[in-house]
Amino acid sequence: MWHRTRQWLRRVVDNRSAIRRDLRLGLSHVADLPRLFLPLGQEPGARSELSLSSYSSASDAFVSLLQLVVPATRESISQGSLVCLPPRAAGPVENTRWFFINGMGTAPAVALLNASEIARHFQRPVTLIHTPTWGLVRDVAESITARTLRKDGKLSRPALNVLIDALEKQDQVVLVCHSQGTIVASYIVRKLLRNPAVRHLVRKLEIYCIGGVADSLEIDPQLTLAAGHPVPYVEHFANGRDYLAEVGILAHLDSTAGTVYCLSDRSGHLLNQHYLPAIVRGDFCQRSSRLYRYARGRVPGPKGALSVAARQMGQHG
């Protein structure tokens with residue numbers, strides 16, 4: 001017990017500047033905290049997390065709310081075993097696998113709702129890697145521990161081997177992560193790039209961070225130079241008045257790799273309600289992001305220098 005206490009005290013001392021930084025950030029944006037769930041008006045065609053009709057039963061919605069407010073240790077419903085299928089079975093023929101890592105406060109019914117919406121919007125099967133909620137307060141504490149105190153805990157371990165297996169078998173792996181899931185993704189990338197046995201596989205990985213809470217995400221310069229595009233390929237989407245994005249990606253642009261698409265006056269943190277419809281419409285990126293070009297089952301084409309060359313060939317015949 002004393003040994004663990006000493007470890008925690010040492011971690012606090014070693015990261016005291018990060019603790020002060022995050023306290024300042026949290027307080028400076030506190031006025032936007034109520035906007036996490038706003039606006040309440042439902043986007044056309046969206047299956048909102050706030051709408052009872054989005055769930056298969058009223059009990060699913062009630063249990064989701066209960067898990068959000070009641071702290072308890074809960075198990076994941078899917079560590080890469082559940083696949084959400086799009087409504088139409090026909091889709092692009094590609095050797096690609098899609099994964100989704102949820103954010104904090106996400107009960108099983110909400111995680112499935114999120115993954116199903118990603119599958120529907122992008123017309124591809126999506127494998128759920130569910131980080132269970134232990135209650136919102138404990139989830140926030142876990143995120144602070146992982147981000148500010150640099151202690152991974154159990155967040156990234158379930159996903160890492162699943163993604164390595166997919167990277168070994170697929171031509172491409174797409175990872176969509178929301179909120180706390182971006183912290184998980186940052187640890188996964190760090191571990192992949194520092195593992196000599198698998199780091200070469202990271203050229204196949206694409207990461208799309210939505211409402212990101214992580215304060216860093218790295219790419220590999222050598223692999224990037226060899227591939228002609230960022231490795232891993234990363235894009236971020238943030239609402240400018242989303243409190244968690246404000247203290248996350250938007251406050252750490254200098255330490256986070258990838259293109260950041262932001263709607264400065266838009267609020268809300270919920271994936272289905274506040275992000276996915278706008279991403280699919282191209283509102284964030286003027287229809288230029290790679291994730292947008294996946295929408296409705298499209299195939300976006302090559303990345304980086306190859307993409308530029310392809311466009312030039314198309315323009316000049």
Side-chain angles (χ1 to χ4, degrees), residues 76 78-81 83 94-103 115 118 124-131 142-143 145-210 212-237 248-249 252-260 290-291 294 300 302-306:
S76 170
S78 172
Q79 295 183 352
S81 56
V83 180
E94 52 188 12
N95 189 23
T96 301
R97 193 166 174 193
W98 283 55
F99 292 90
F100 169 62
I101 302 178
N102 60 274
I118 295 170
R124 289 165 171 89
V126 174
T127 301
L128 172 63
I129 301 175
H130 176 229
T131 302
E142 187 79 20
S143 295
T145 299
R147 189 183 102 156
T148 309
L149 300 183
R150 301 301 182 197
K151 186 177 187 301
D152 184 20
K154 298 178 180 178
L155 281 178
S156 72
R157 293 173 195 168
L160 183 61
N161 289 333
V162 172
L163 286 172
I164 289 174
D165 182 66
L167 287 167
E168 289 174 340
K169 296 176 180 177
Q170 309 293 322
D171 292 336
Q172 201 166 27
V173 172
V174 174
L175 175 61
V176 180
C177 44
H178 174 234
S179 184
Q180 183 191 47
T182 62
I183 300 176
V184 180
S186 71
Y187 273 100
I188 289 171
V189 170
R190 194 173 297 126
K191 291 175 180 179
L192 288 172
L193 290 177
R194 294 177 184 177
N195 184 341
V198 298
R199 69 184 300 272
H200 66 285
L201 298 173
V202 183
R203 62 183 172 78
K204 302 179 180 182
L205 181 62
E206 299 179 14
I207 302 176
Y208 299 99
C209 301
I210 302 173
V213 185
D215 62 354
S216 62
L217 203 157
E218 61 188 79
I219 62 172
D220 187 278
Q222 288 182 322
L223 293 174
T224 293
L225 185 62
H229 61 78
V231 176
Y233 182 87
V234 185
E235 290 180 355
H236 305 266
F237 299 84
I249 174 61
H252 299 95
L253 298 175
D254 57 341
S255 59
T256 305
T259 304
V260 179
R290 186 169 178 82
L291 183 59
Y294 274 117
K303 300 185 284 288
L306 290 175

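Computed from a predicted structure; not experimentally measured.
Each of Ile164, Asp165, Leu163 was compared with Asn161 under the side-chain contact (heavy atoms from CB on, under 4.5 Å) criterion, and only Ile164 meets it.
Pairing each heavy atom of Ile207 with each of Cys177, the nearest pair is CG2-SG, 4.0 Å. The minimum heavy-atom distance between Ser179 and Gly103, with the atom names listed, is CB-CA, 3.6 Å. Between Trp98 and Pro125, the shortest heavy-atom contact is CB-O, 3.4 Å. Here the closest heavy-atom approach between residue Arg199 and residue Leu223 is recorded as O-CD1, 3.3 Å. Taking all atoms of both residues into account, the shortest heavy-atom contact from Thr256 to Ser216 is OG1-CA, 3.7 Å.
If you take SG on Cys209 and NE2 on His236, they are separated by 5.0 Å, rounding to the nearest 0.5 Å. Remark: Phe100 CZ to Ile129 CD1 distance equals 10.5 Å, nearest 0.5 Å. Interatomic distance, Leu217 CG to Ile183 CD1, rounded to the nearest 0.5 Å: 11.0 Å. With values rounded to the nearest 0.5 angstrom, Asp254 atom CG is found 7.5 Å from His252 atom NE2. The CD1 atom of Ile118 sits 9.0 Å away from atom CG of Leu291, with the distance rounded to the nearest 0.5 Å. Interatomic distance, CZ of Arg124 versus OG1 of Thr96, reported as 7.5 Å (0.5 Å rounding).
In this structure, the side chain of Thr182 engages the main chain of Val213 through a donor-acceptor pair within 3.5 Å. With hydrogens and angles ignored, the 3.5 Å screen pairs a side-chain donor or acceptor of Ser76 with a backbone N or O of His130. Between the side chain of Thr224 and the backbone N or O of Val231, at least one donor-acceptor pair lies under 3.5 Å.
Considering only heavy atoms from C-beta on, Pro232 comes within 4.5 Å of Ile219 through its side chain. Between Val189 and Val234, every side-chain heavy-atom pair lies at or beyond the 4.5 Å cut-off. For the pair Arg157/Tyr187, no side-chain contact is recorded, criterion being any heavy-atom separation below 4.5 Å from C-beta on. Arg97 is not listed as a side-chain neighbour of Lys169, based on a closest heavy-atom distance of 4.5 Å or more. Side-chain contact between Ile249 and Val260 is present, with heavy atoms from C-beta onward closer than 4.5 Å. Residues Tyr233 and Tyr208 form a side-chain contact, since some pair of their non-hydrogen atoms from C-beta on lies under 4.5 Å apart. By the 4.5 Å heavy-atom criterion applied to side chains, Ile101 and Leu175 are counted as neighbours. Residues Glu94 and Asp171 form no side-chain contact, since every pair of their non-hydrogen atoms from C-beta on lies 4.5 Å or further apart.
Ion pair Arg290/Glu206 flagged as a salt bridge, since at least one NZ, NE, NH1 or NH2 atom sits closer than 4.0 Å to an Asp/Glu carboxylate oxygen.
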Q: Carefully, step by step, assess Arg147 and Ser186 under the rule side chain to side chain contact (heavy atoms under 4.5 Å, CB included).
A: CA-CA 10 Å; Arg147 189 183 102 156; Ser186 71; over 6 Å; no

Q.
Could you walk me through whether Leu167 and Leu192 satisfy the side chain to side chain contact (heavy atoms under 4.5 Å, CB included) test, starting with their C-alpha distance in whole Å, then the side-chain angles of each, then the deciding distance to 0.1 Å, before giving a yes or no?
A. CA-CA 11 Å; Leu167 287 167; Leu192 288 172; 4.1 Å; yes

**Q.** Step-by-step side chain to side chain contact (heavy atoms under 4.5 Å, CB included) determination, Asp220 to Val202
**A.** CA-CA 9 Å; Asp220 187 278; Val202 183; over 6 Å; no

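For Arg194, there are no side chain to side chain donor-acceptor pair (under 3.5 Å) partners, not counting sequence neighbours.
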